[in-house]
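Notes for the one structure printed next.
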Amino acid sequence: MASTAATLKDVAQAAGVAVSTASRALAGNPVVSQETRDRVQHCAEQLNYRPNAQARALRSSRSNIIGVTIPSLVNPYFAEMASVIQEEANRAGMSTIISSTSEDAERLIDSLHVLGDQRVDGIIVVPYNGTEESLAALDATGMPLVLVDRDLPGNEHLSVVSDSSSGLHAAVAHLLEKGNRRIGYLSGPMTTSTGVTRLAEFNAACASLHLEDQLVYQGGYHREDGYRGTEWLLSHDVDAIIAGDSMMTVGALEACHHNGVAIGRDLALIGFDDQPIMRLQACPITVIDQQVSSMARLAFSLLHGLITDNGHGGSSPPASLRTPTTLIIRASSDFDRSSTTDKEVRP
């Protein structure tokens, strides 16, 4: 006899599909093929699965409030993202609840539970690996979701992420053109899609440009990681450093200042994200720009469309939208190493 306590995850496993696909199939979403909808419905009946009717009923009324989860309000990149989303929501007559999750998957899971209980109309999420089940559970209640900045393995939710391959390739090519031959990279954590993808794209750029002398410091998206990583790379006598995010760039700046390393003379530095602090340095910092404002506006536009169409309007957009990155060259890297004097001995 089938259990009366079957969950959506049980139905998805029985039908051989993702939890989010099972949720959409049971909701009759036309993005799922009729064959898959029929198979999922059959498995649900066999398992005596009953959807959470109360949660679905709550979704039928609008609160004109959206949730936004970001890793940090200290990080200017995410602060700008949240600010732009809030501005777009205000223009649409909606309010926002913003939650900072401190680069912690468990805190994100808690935030998703709270936002779900607050009856928000939808949520824009910067996700971490390990939060897939909580997102699927929200999806099963009919909650509109859009992921931004980062993706998840096998993700079927709408997402907006940057394509960092063009920016990283341009950065490595620029450093080589300026005579740098030993390049260090400050990598983000492997628990995020951006950490994994950017490291792979940095290595691919080095391979395609025939650079064999590169070093990688495996860190995280914190100023402290950028500081420690920069000191480690400096101790290995790199000519140049590319930082994999904005907070690690700040840490790299601090480490260079503390160790008496002159950026733009002793070391070429390329950071991530075009924040004011990068432009206001005595030696302005070259950056790989993700155009965070554009990403934020697109994420809100997608979420607003899901809310107003209730997930059933017109043709479904692709699961992942990728925005380009560009290299903005400034004095921190725009110097010919062959014309500089010998580097000072570093501590």
Side-chain angles (χ1 to χ4, degrees), residues 17-24 29 31-32 66-72 75 77-78 80-82 84-85 88-89 96 98-99 101 103 105 108-109 111-112 115-116 120-167 188-198 200-201 221 244-245 272-273 290-309 311 313-325:
V17 298
V19 174
S20 55
T21 300
S23 172
R24 294 187 177 103
N29 193 320
V31 73
V32 180
I66 65 167
V68 180
T69 74
I70 58 172
S72 170
N75 186 327
Y77 170 80
F78 289 116
E80 182 176 353
M81 176 184 289
V84 171
I85 291 172
E88 293 298 303
T96 56
I98 299 173
S99 173
T101 58
E103 295 287 3
L108 173 56
I109 291 171
S111 293
L112 293 174
L115 289 171
V120 297
D121 292 336
I123 308 175
I124 296 175
V125 183
V126 179
Y128 314 115
N129 292 354
T131 59
E132 295 88 343
E133 189 170 336
S134 293
L135 289 167
L138 271 177
D139 187 58
T141 71
M143 174 72 74
L145 296 168
V146 172
L147 310 186
V148 66
D149 184 66
R150 302 172 185 172
D151 218 332
L152 290 171
N155 172 48
E156 294 187 0
H157 303 288
L158 287 178
S159 62
V160 183
V161 297
S162 68
D163 181 359
S164 56
S165 59
S166 56
M190 297 297 100
T191 54
T192 64
S193 65
T194 47
V196 172
T197 302
R198 289 174 193 171
E201 290 169 347
Y221 291 144
D245 100 310
F272 239 88
D273 305 316
Q290 298 185 84
Q291 303 174 48
V292 61
S293 294
S294 297
M295 290 177 64
R297 291 189 183 97
L298 181 54
F300 175 78
S301 177
L302 291 176
L303 184 68
H304 191 252
L306 289 177
I307 292 169
T308 56
D309 292 343
S315 59
S316 176
S320 179
L321 302 178
R322 297 174 70 82
T323 60
T325 54

Answer with yes or no whether the side chains of Ser166 and Thr325 bring together a donor and an acceptor at under 3.5 Å.
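Yes.
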Report yes or no: do Glu103 and Ser72 form a side-chain donor-acceptor pair below 3.5 Å?
no
Heavy-atom closest contact ([X] atom, [Y] atom, distance):
X      : Y      : result
Met190 : Gly195 : CE-O, 3.3 Å
Gln290 : Thr323 : O-OG1, 4.2 Å
Asp245 : Tyr221 : CG-CD2, 3.3 Å
Asp121 : Pro144 : O-CD, 3.1 Å
Leu145 : Leu303 : N-CD1, 4.2 Å
Ser293 : Glu80  : OG-OE2, 2.7 Å

Are the side chains of [X] and [Y] in touch, meaning some heavy atoms are under 4.5 Å apart?
X      : Y      : answer
Pro71  : Arg150 : yes
Val148 : Val126 : yes
Ser301 : Glu88  : no
Met81  : Asp149 : yes

Would Ile66 and His304 count as a side chain to side chain contact (heavy atoms under 4.5 Å, CB included) here? Give the steps.
CA-CA 9 Å; Ile66 65 167; His304 191 252; over 6 Å; no
Give a yes or no on whether the backbone of Ile70 and the side-chain of Thr101 come within a donor-acceptor separation of less than 3.5 Å.
yes
With distance as the sole test, does Thr192 use its side chain to make a donor-acceptor pair with the main-chain N or O of Pro189 at under 3.5 Å?
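Yes; judged by distance alone, with no hydrogens or angles, the pair exists.
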Just do the side chain to side chain contact (heavy atoms under 4.5 Å, CB included) check on Asn75 and Asp273 with the steps written out, would you?
CA-CA 11 Å; Asn75 186 327; Asp273 305 316; 5.5 Å; no
Once you round to the nearest 0.5 Å, how far does [atom1] of [X] lie from [atom2] of [Y]?
X      : Y      : atom1 : atom2 : answer
Met143 : Leu138 : CE    : CG    : 5.5 Å
Leu158 : Ile124 : CG    : CD1   : 11.0 Å
Arg322 : Thr197 : CZ    : OG1   : 7.0 Å
Leu152 : Ser159 : CG    : OG    : 8.5 Å
Asn129 : Asp151 : CG    : CG    : 9.5 Å
Leu298 : Ile85  : CG    : CD1   : 10.5 Å

Might you work through the side chain to side chain contact (heavy atoms under 4.5 Å, CB included) test for Val292 and Val84, ending with a clear yes or no?
CA-CA 9 Å; Val292 61; Val84 171; over 6 Å; no
